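Each remark here refers to the structure printed beneath this line.
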Amino acid sequence: MLRKPILLFMLIVSASSAFSQAVLPAQQKKMDAFINNLMSKMTLDEKIGQLNQVSVGFDVTGPIVSKNVNENIEKGNVGSVLNTYTPDAVRKLQQIAVEHTRLKIPLLFGYDVIHGHKTIFPIPLGLASSWDLDMIKQTATIAAQEASADGINWVFSPMVDIARDPRWGRIAEGSGEDTWLGSQIAKVMVQGYQGNTYLNNDKVMACVKHFALYGAVEAGRDYNTVDMSEHRMFQDYLPPYKAAIDAGAGSVMSSFNEINGVPATGNKWLMTDLLRKKWGFTGLVVTDYTAINEMINHGMGETTYDVAKVALDAGIDMDMVGEVYLDNLKKLVKDGKVQQSQIDVACRRVLEAKYKLGLFADPYRYCNDERAQKTIMKPEFLEAATEAAKRSIVLLKNSNNTLPLKATGSIALVGPLADDHRDMIGPWSGAGDWQKSVTVLEGIKKLAGNQVQINYAKGANITNDDWMIKRLGADQLNNDKRPANEMIDEAVNAAKKSDVIVAVVGESFGMSGEAASRSEIGIPSAQEDLLKALKATGKPMVIILMNGRPLTLKWENDNADAMLETWFAGTEAGSAIADVLFGEYNPSAKITATFPQDVGQIPLYYSHKNTGRPYQGDFTDRYKSRYLDISNDPLYPFGFGLSYTTFTYSDVKLNNNTIKPGQLLQVSTTVTNTGKYDGTEIVQLYTRQMVGSVTRPVEELKKFKKIFLKAGESQVVNFTISSADLRFYDINMKYTYEPGDFKVFVGTNSRDVKEADFKLTN
Ligand code: BGC
């Protein structure tokens, strides 16, 4: 009986219910009228059903999976599904919702599209190293095109957690340690996913995660406690989430950790006072996977009944997989513990998301097989993936111009990652098809196979450590059964008959990412043994690294002739690496997370405070902030990355020594390409406030420019700074600037800079 009017209503709204994201009052009014009407027909059970997200389909991304999904959808117990994609699979579930439930409310389909959907780009930490905001936005645009063609309308990205502890495997998923750069990247990723409008069904709703502070888990152990001062929170950790929200992100995901002693998922201060009241967020908040249930372990309640109330009171709209809302909210209302109006608010937010995405107008608008076939992994996307990979590869060392290689003679291509498809696409490549990835061996063969003799040997397993093998699962590692020395001998023989060694080593994809913390972050010993044996041949050795975090690479840095950090570079990894190896592309990327010399130095990041006893290099000066057994220096500082050419910087020139609020300080430097190759340089500008009402970091990134210079060419690079760039949270937690003395630094990384002084007056 009810079916007819709803269908009719769907037809009436169909023409315009996908949203242009700059919400016009008329659109808002229309949406409100539609949702008011719909909600007036909904029972309490149906409203609660909208708050429930189930996991079913192709992936398992958490400790439990949902049961009886089809029955639950049919009963109106489900508002959203995660881990199901492809037009066919999505259509089947959507059909149950819109054809077999009383009110025919369509489902939201969410998925972890982290660095590409089917065409996989480098891991986010790699993409960030490109410092290429347009390109990063483009990767999100392509991911949205592919995901939306594949049935998905909601992506759980961008992950914008600032991370300063590389033991934490999830550092791979974000843009590194810097707040300002992380905020720029957060913004462009949201823009790429969502665009300005959902009218053309090639955009998806973004989900900013993990709100908040997840990157600061103690000891780098995943899911661990976070405890942080208010200053650090506001100054360093919260801005990227805010930037994503200001860019219009439609949803936010709560994090697993606690904040000020209360888990994010039950934290009313975070989810309501800050997010909604202060920041004005009006979208949908979903928990992370079973995060409401986990509040029992956190000690926020003894039963799911208790923690359901905590989460709803905090302002959480949707329960990911936990079914805590489904099981308890009705009783909580009946017992007078929560108000029905709270459920109405949450339900409305879910329905609004569906409305904006145009799902009421056409629940199948993301399910079109023909479009999927035409869109997914099309040649332009693969080209974009190659380009993104090239721009993300960091040259860490290059003595005696070992690189680029000449396309003549012979290469010993060795290492467990040299011809390994699975690892290329990294730990969180969702729907990515690793079988389609290009390995380094394939990339080199394609580029130089006719001119170069390639002597390939695996040389070692990624790890032979029993504990690690048990934790990761033997099939994931694809370990060779041969004894280690036999594999090493084979590689050494290949090296002896070759002009140069290219050793591809690092982590297996499962050694970084979620639930992949490591206490030692070096190259696993099976591979180090291989590298040492190769070194003993005396042949020049190029190390190609694949990994999801900054590693400790002291031995490698001392012994390799050249070293490239390639991260997990995605579907086209091997093509991009070959281009860089042979100089078809001159590397330009710069690391966005400090590489320590040793795990004992962690957390190590460039924008640290000075302390009262800063160590200034005099080793005998005992009572200083330093170690007895190691220097304070990183192996590679933030912003570091070499090129096949060299760049020199002139002194920094200012147009004035003093600025007033509202005035612009012009900062300029001349950068010259003094080497033999054309190349791209990322010119970085940092500032330091010398005195403040609270202590200030020794350096803060404020601006950068990516410039291309032909060999021998010079360019004046101009920046401007105003008082607005110098704002921070003062002693009263006011976001403002303070007059006084400043330094400005310009350079090729955070360490190698030229400086000038200026004053900000009132
Ligand atoms: C992760 C999230 C992810 C979610 C859904 C969780 O375990 O922390 O990042 O979006 O699973 O797969």
Side-chain angles (χ1 to χ4, degrees), residues 52-66 69 78-85 107-117 123-125 140 143 147 152-163 168-175 186 189-190 193 204-217 220-224 226 240-241 244 249-259 263-265 284-295 297-298 316-324 426-432 510 512-517 548:
N52 189 36
Q53 183 180 58
V54 297
S55 167
V56 68
F58 303 111
D59 268 328
V60 178
T61 53
I64 63 167
V65 280
S66 309
V69 168
V78 177
S80 170
V81 171
L82 84 137
N83 288 334
T84 292
Y85 54 90
L107 298 164
L108 283 171
F109 285 85
Y111 193 55
D112 289 292
V113 175
I114 309 296
H115 47 111
H117 177 58
I123 55 167
L125 189 61
I152 294 162
N153 41 51
W154 185 14
V155 296
F156 301 134
S157 175
M159 188 280 213
V160 303
D161 305 327
I162 293 299
W168 191 52
R170 301 198 82 169
I171 196 170
E173 291 175 50
S175 55
M189 287 196 70
V190 171
Y193 289 133
V204 289
M205 179 165 74
C207 185
V208 188
K209 68 189 191 185
H210 305 83
F211 193 58
L213 322 183
Y214 183 29
V217 283
R221 208 179 69 225
D222 210 358
Y223 317 123
N224 202 3
V226 170
Y241 307 104
S251 69
V252 167
M253 185 185 292
S254 73
S255 58
F256 287 125
N257 55 282
E258 65 178 64
I259 290 141
T265 308
L284 166 65
V285 177
V286 63
T287 67
D288 204 342
Y289 211 103
T290 58
I292 308 183
N293 316 54
E294 291 167 23
M295 286 202 287
N297 286 340
H298 275 288
I316 298 288
D317 303 317
M318 188 176 269
D319 171 6
M320 185 187 282
V321 186
E323 303 206 341
V324 175
W428 206 313
S429 36
S512 56
E514 184 173 356
S517 298

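Read the numbers this way: they start at 1 and go in the same order the structure lists the ligands and their atoms. For clarity, every value in this text was computed on a predicted model and none was experimentally measured.
For the pair E323/N293, no side-chain contact is recorded, criterion being any heavy-atom separation below 4.5 Å from C-beta on.
Of the possible donor and acceptor atoms, one in the side chain of T287 sits under 3.5 Å from a partner among the backbone N and O of M320. Although no hydrogens or angles enter the test, the distance criterion places a donor-acceptor pair under 3.5 Å between the side chain of D161 and the main chain of H210. Judged by distance alone, the side chain of S55 and the main-chain N or O of S66 form no donor-acceptor pair under 3.5 Å. In this structure, the side chain of D288 does not engage the main chain of S255 through any donor-acceptor pair within 3.5 Å.
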Show me the short polar-atom pairs for ligand 1: any N or O of it lying under 3.5 Å from a protein N or O, with distances only.
unit_1: ligand 1; atom_1: 7 (O); unit_2: T61; atom_2: O; d: 3.3
unit_1: ligand 1; atom_1: 7 (O); unit_2: E514; atom_2: OE1; d: 3.1
unit_1: ligand 1; atom_1: 7 (O); unit_2: E514; atom_2: OE2; d: 2.9
unit_1: ligand 1; atom_1: 8 (O); unit_2: R170; atom_2: NH1; d: 2.7
unit_1: ligand 1; atom_1: 8 (O); unit_2: R170; atom_2: NH2; d: 3.4
unit_1: ligand 1; atom_1: 8 (O); unit_2: D288; atom_2: OD1; d: 3.3
unit_1: ligand 1; atom_1: 8 (O); unit_2: D288; atom_2: OD2; d: 2.5
unit_1: ligand 1; atom_1: 9 (O); unit_2: R170; atom_2: NH2; d: 2.8
unit_1: ligand 1; atom_1: 9 (O); unit_2: K209; atom_2: NZ; d: 2.8
unit_1: ligand 1; atom_1: 9 (O); unit_2: H210; atom_2: NE2; d: 2.7
unit_1: ligand 1; atom_1: 10 (O); unit_2: D112; atom_2: OD1; d: 2.6
unit_1: ligand 1; atom_1: 10 (O); unit_2: K209; atom_2: NZ; d: 3.0
unit_1: ligand 1; atom_1: 11 (O); unit_2: D288; atom_2: OD1; d: 3.4
unit_1: ligand 1; atom_1: 12 (O); unit_2: T61; atom_2: OG1; d: 2.6
unit_1: ligand 1; atom_1: 12 (O); unit_2: D112; atom_2: OD2; d: 2.5

* Give the C-alpha distance, both sets of side-chain angles, the deciding distance and a yes or no for side chain to side chain donor-acceptor pair (under 3.5 Å) between E514 and Y223. => CA-CA 9 Å; E514 184 173 356; Y223 317 123; 2.6 Å; yes

